[in-house]
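If you're wondering where the values come from, they're calculated on a predicted model, not measured in any experiment.
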Amino acid sequence: MADTASTIPATGTMCWNELLTTDVDKAKSFYTGLLGYTTRDMDMGPAGTYTLFVRDGKDLAGCMKTPQDGIPSSWLSYIAVDDVDASTRKAEQLGAHVCVPPTDIPNVGRFSVLTDPTGAAIGLLEHG
């Protein structure tokens, strides 16, 4: 995900954007053509291939196939947190629905995905 050579984002700031798409190859072609990005694929084991959008050697965003049929393509933004488990619990207490519980990402950190009380999706990311 985020370029490990860069500094860790400040807590509470947007730190990553991720495209979940029904057609990764079409999305790669679109964003490389529109924005001049290059791409780099990473094998994420059972989770499949994760594509990084790159410019000037810096990882800017990620892209992966939607995890199941029927989910529309969409962008998801992540907010940096110090403790994804505690932040997820607090969000749930405040009325959020947890879509993906706190989960480790090897060599990156830990994340969760939730929807706020209005139904808007957001990710939380704790860098390792």
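Considering every non-hydrogen atom in both Trp75 and Gly62, the closest pair reads CZ3-O, 4.3 Å. The two residues Ala47 and Met64 have their closest heavy-atom pair at O-CE, 4.2 Å. Here the shortest heavy-atom pairing between Thr22 and Ile71 reads CG2-O, 3.7 Å. Summarising the geometry of Ala80 relative to Cys15, their closest heavy-atom pair is N-SG, 3.5 Å, with the distance given to 0.1 Å. The heavy-atom pair separating Pro102 from Ser112 by the smallest distance is N-CB, 3.8 Å. The minimum heavy-atom distance linking Thr32 with Ser29 is given by the pair OG1-O, 3.2 Å.
A distance of 10.5 Å separates CZ of Phe30 from CG of Leu19, quoted to the nearest 0.5 Å. Put simply, OG on Ser87 and CG on Asp82 are 7.5 Å apart, with the number rounded to the nearest 0.5 Å. Atoms CG and SG, on Leu20 and Cys63 in that order, are 8.0 Å from each other to the nearest 0.5 Å. Atom CD1 of residue Ile105 and atom NE2 of residue His127 lie 8.5 Å apart, to the nearest 0.5 angstrom. Atom CG in Leu52 sits 10.0 Å away from atom NZ in Lys28 (nearest 0.5 Å). Taking CG from Leu114 and NE2 from His97, the interatomic distance works out to 9.0 Å, rounded to the nearest 0.5 Å.
Ring to ring, Tyr37 and Tyr31 are not that close: their centroids are 6.0 angstrom or more apart.
Side-chain atoms of Thr118 and Asp116 include a donor-acceptor pair closer than 3.5 Å. A donor-acceptor contact closer than 3.5 angstrom is absent between the side chains of Asp41 and Thr49.
Under a 4.0 Å N-O distance rule, the pair Arg110/Asp85 qualifies as a salt bridge. Asp59 and Arg40 are joined by a salt bridge, as a carboxylate oxygen and a charged side-chain nitrogen come within less than 4.0 angstrom of each other.
Put simply, the side chain of Val54 does not reach to within 4.5 Å of the side chain of Lys58, judged on heavy atoms. The shortest side-chain heavy-atom distance between Lys65 and Thr21 does not fall under the 4.5 Å cut-off. Under the 4.5 Å side-chain criterion, counting only non-hydrogen atoms from C-beta, Asn17 is not in contact with Leu76. Residues Thr39 and Phe53 meet the side-chain proximity criterion, which asks for heavy atoms closer than 4.5 Å.
Linking ILVMFWY residues whenever their side-chain heavy atoms come closer than 4.5 Å, directly or via other members, places Trp16 and Met44 in the same cluster. Cluster annotation: Leu34 is connected to Leu60 through the hydrophobic network of ILVMFWY side chains, with a link wherever side-chain heavy atoms come within less than 4.5 Å. Val113 and Tyr50 fall within the same hydrophobic cluster, defined by Ile, Leu, Val, Met, Phe, Trp and Tyr side-chain heavy atoms under 4.5 Å apart, directly or through other members.
Asp43 places a side-chain N or O within donor-acceptor distance of the main-chain N or O of Gly45, the cut-off being under 3.5 Å. Using a distance-only test at 3.5 Å, with no hydrogens or angles considered, no donor-acceptor pair links the side chain of Thr13 to the main chain of Thr11.
For the side-chain contact (heavy atoms from CB on, under 4.5 Å) test with Phe111, the passing option among Thr88, Val81, Leu125 is Leu125; the others fail.
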